Number of protein chains: 4
Amino acid sequence: MTQSYPRLVRGRPRDEEADGAILDAALALLSEQGYGGLRMEAVAARAGVAKATVYRRWPDKLSLAMAAIGRIPELPPVDTGSLLGDLRALRTALAALFRTTRLAGVLPALAAERMRRTSAAARIDALMQARYRPWVAAIERAIARGELPRTASADARLIADLLAGVLMQRVFFTGGPVDEKTWKKVVSIVVGGLRRG
Amino acid sequence: MTQSYPRLVRGRPRDEEADGAILDAALALLSEQGYGGLRMEAVAARAGVAKATVYRRWPDKLSLAMAAIGRIPELPPVDTGSLLGDLRALRTALAALFRTTRLAGVLPALAAERMRRTSAAARIDALMQARYRPWVAAIERAIARGELPRTASADARLIADLLAGVLMQRVFFTGGPVDEKTWKKVVSIVVGGLRRG
Amino acid sequence: MTQSYPRLVRGRPRDEEADGAILDAALALLSEQGYGGLRMEAVAARAGVAKATVYRRWPDKLSLAMAAIGRIPELPPVDTGSLLGDLRALRTALAALFRTTRLAGVLPALAAERMRRTSAAARIDALMQARYRPWVAAIERAIARGELPRTASADARLIADLLAGVLMQRVFFTGGPVDEKTWKKVVSIVVGGLRRG
Amino acid sequence: MTQSYPRLVRGRPRDEEADGAILDAALALLSEQGYGGLRMEAVAARAGVAKATVYRRWPDKLSLAMAAIGRIPELPPVDTGSLLGDLRALRTALAALFRTTRLAGVLPALAAERMRRTSAAARIDALMQARYRPWVAAIERAIARGELPRTASADARLIADLLAGVLMQRVFFTGGPVDEKTWKKVVSIVVGGLRRG
DNA sequence: GTCTAACCGAGACGGTACGTCCTGTCTTAGT
DNA sequence: ACTAAGACAGGACGTACCGTCTCGGTTAGAC
């Protein structure tokens with residue numbers, strides 16, 4: 001599918017490897033120091049690249065940070081065949097992602113930027129929604145399978161926000177537990193509420 | 001109950017008005033610029049105070065920011081006599097708080113600091129839990145009144161996180177609507193699920 | 001001659017010991033750190049005194065420094081009976097003073113202040129002239145004794161400046177030696193020139 | 001004679017004009033405020049340069065001050081053909097330098113630093129000796145011409161210190177006059193003493 | 001086989017904020 | 001009226017980082 005067009009531009013082509021090195025460096029530093037501690041000079045040094053090479057590719061720190069976050073794998077596609085199985089798998093996958101990638105350290109920083117800079121909000125929203133898509137998909141599959149009432153179909157995103165939201169709330173704000181047992185209660189309440197409604 | 005002890009400290013006492021002026025300045029800047037844009041020099045200038053006077057009271061930016069956030073009023077005590085009334089009132093009060101105070105701009109920044117600095121986590125947790133207390137209280141009152149099953153009493157905090165969490169999720173991460181109509185659905189799902197369980 | 005009047009002023013009398021403690025502290029710090037490194041807070045701390053107590057006695061740093069320098073002993077009265085003996089003794093005494101008291105570290109700092117602040121010049125001049133008086137006195141005695149021609153009497157201060165000046169020049173500016181042998185040459189040139197003239 | 005080598009250093013070259021602007025600013029402030037009143041921020045502002053640009057070139061205030069003093073012209077080469085002519089010219093030139101450049105305000109400050117910081121002494125000595133070289137040269141020429149006895153040749157520097165020293169002594173310490181008439185007496189004493197010796 | 005344009009590393013640039021330090025003044029309670 | 005203690009406004013310190021710019025040099029397609 002990919003095809004090699006003759007380059008229209010002249011001059012020395014960009015070093016394609018640099019992109020990866022820069023993003024890896026940025027992500028590592030973002031994970032270690034948070035957004036506020038992310039230093040462009042440190043990114044360049046760690047990537048073995050000049051600072052201008054970073055700025056040539058991303059115009060500022062936020063853009064770089066967002067691109068770096070894009071390197072964090074999304075939740076793996078989950079489809080166990082049942083709503084309860086999917087939700088269990090999603091929580092486990094999210095916990096694993098938070099444990100192995102420091103995504104958890106980066107998301108609130110991104111949210112903070114989002115609240116602060118209107119110009120950044122749209123871009124960040126797109127990134128966030130992509131990451132929450134597996135949750136919505138699981139709800140929609142459950143409706144299609146008849147596990148949830150058809151009336152819930154308009155509210156798939158709301159239900160996803162309700163489920164994912166309680167995890168975020170605890171991880172980022174109240175620090176409460178997000179273990180398997182707690183999760184079962186949440187699922188029971190929400191799914192029960194939906195079926196009853 | 002309060003009693004006037006002789007001052008044990010010597011030397012010129014701190015200017016008590018300065019505390020308020022500094023916190024007001026910090027809060028204003030926090031609201032306008034966010035945590036990342038909070039400048040100690042700007043705080044001092046706006047408060048009409050020397051920079052050293054700020055640092056004498058709060059050792060760093062995070063401490064100052066947290067103290068400033070302490071000036072934002074908490075959710076007003078809500079007790080309408082019914083769970084649904086309380087929850088409606090809480091959402092309205094929170095929306096008003098976010099609309100009038102830029103608390104919304106500050107919370108994710110605080111969460112970001114919390115994820116980044118272990119030493120900050122405990123202090124921030126305390127502040128956060130105080131702010132979420134009205135939610136827990138409303139749930140506990142509902143259980144006491146018999147509106148929610150007695151079996152839910154162990155999970156009051158989880159339920160509060162579930163309800164508040166979906167609001168936070170939408171405000172900070174997915175940008176979805178948090179209006180009255182949406183809220184009714186959320187309350188219906190969660191309360192329905194609890195009663196059924 | 002001194003007489004004890006009843007104190008006319010009311011209130012607590014000044015702690016007379018504090019003067020000495022402050023000046024000693026100032027002199028010690030002046031010697032260790034130079035005028036530029038003299039810190040009023042350090043003086044107060046070292047003297048075991050509050051800062052205000054220092055400022056009550058001396059209005060600013062320069063005044064304090066000058067008063068502290070006043071504690072350095074002047075050249076001892078020298079009168080060996082001959083010009084050559086006096087000059088030898090004066091050089092030895094000055095060298096000892098520079099070796100034991102760090103006066104040498106303080107004089108150029110004072111000279112620098114003198115060049116900078118017109119208001120300080122007169123006070124500093126008075127202090128300096130007092131310190132150079134033994135040189136003038138030795139010249140005047142030599143004239144009285146007939147060791148130097150009577151025509152030199154108008155120039156006693158110039159001659160003193162010539163003799164002391166070469167020592168200052170070497171100590172402060174060119175770093176050349178100021179030993180006994182060098183001094184003999186200087187004395188021989190100057191005294192020879194005066195007798196010949 | 002000058003030759004153009006390829007630049008060995010990489011990166012953007014330093015702005016050569018900035019050097020001059022910084023030194024001029026430093027010298028102006030040094031003249032107006034003295035060494036103690038020299039402010040790095042004021043230097044940068046006056047030079048129209050960022051503070052870091054100053055620190056990139058000179059690591060501290062003393063280095064900058066010394067470099068700035070290097071901009072003050074040295075005594076012009078003096079060679080009138082006779083010792084008395086040279087000495088008259090040197091005094092006149094030095095007086096002019098002190099009158100037009102505030103070198104006089106800076107030298108004692110430098111001497112004070114020299115006494116305070118061993119590490120600074122060698123550098124300052126070199127600067128000072130360069131400035132006193134014309135005096136030594138005049139003495140050496142006089143010896144070569146036979147105006148002074150050949151036996152004085154070992155003491156050229158001492159004689160220079162004696163002559164320049166009395167001027168320094170009066171300008172910096174005792175405040176006595178350094179006019180033409182006074183100078184004639186000094187020259188007469190010193191030259192007379194040397195010829196007689 | 002040049003020419004030219006965009007790239008590259010390196011590092012200086014103006015600007016801004018940091019957190020610390022010091023001066024000289026002021027404000028307490030206590031002697 | 002003094003004392004110790006220490007807070008105050010103001011302002012400089014030297015460091016660090018941002019995003020831009022300017023070098024000499026490299027690497028490609030266009031001529």
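Given the structure is predicted, the values throughout are model-derived calculations rather than measurements. Order of the sequence lines sets the chain letters (A, B, ...), proteins ahead of strands, with each chain counted from 1.
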Rounded to the nearest Å, what distance is computed from the [atom1] atom of residue [X] to the [atom2] atom of nucleotide [N]?
X       : N      : atom1 : atom2 : answer
B:Leu38 : E:dT16 : CG    : P     : 18 Å
D:Tyr55 : E:dG14 : OH    : P     : 15 Å
C:Arg12 : E:dA29 : CZ    : C1'   : 12 Å
D:Glu17 : E:dA12 : CD    : P     : 18 Å

The answer to which of C:Ala18 and D:Ala42 contacts DNA chain F further toward the 5' end, by nearest nucleotide, is C:Ala18
Under 4.0 Å between a side-chain N or O of C:Arg14 and OP1 or OP2 of F:dC2?
yes
Please give me every residue in residues 56-64 of chain D whose heavy atoms get under 4.0 Å of an atom in DNA chain E, ordered by residue number.
D:Arg56, D:Arg57
Strand-adjacent residues in residues 45-54 of chain D, judged by heavy atoms under 4.0 Å from DNA chain E
D:Gly48, D:Val49, D:Ala50, D:Thr53
Beyond-backbone contact of [X] with [Y], side-chain heavy atoms, under 4.5 angstrom:
X        : Y        : answer
A:Leu110 : A:Arg114 : no
A:Tyr35  : A:Leu30  : yes
B:Arg39  : B:Leu29  : no
A:Thr101 : A:Leu27  : no
A:Tyr55  : A:Met40  : yes

Does A:Glu41 have any salt bridge (Lys or Arg N to Asp or Glu O under 4.0 Å) partners at least two apart in sequence or in another chain, and if so, which?
A:Lys51
With no hydrogens and no angle check, is any side-chain donor or acceptor of A:Arg14 less than 3.5 Å from a backbone partner on A:Arg56?
yes
Could you pick out which residue, A:Glu41 or C:Met40, lies toward the 5' side of DNA chain E when each is mapped onto its nearest nucleotide?
A:Glu41
Taking the side chain of A:Arg39 as its heavy atoms from C-beta onward, which of F:dA4, F:dC18, F:dA12 lies nearest to it?
F:dC18
Assess whether atom CD of C:Glu32 is packed by more than 12 heavy atoms of other residues, nucleotides or ligands within 6.0 Å.
yes
Would you say D:Glu17 has more than 12 foreign heavy atoms packed within less than 6.0 Å of its CD?
no
Kindly indicate whether the side chain of B:Arg10 and the base of E:dT28 share any N or O donor-acceptor pair separated by less than 3.5 Å?
no
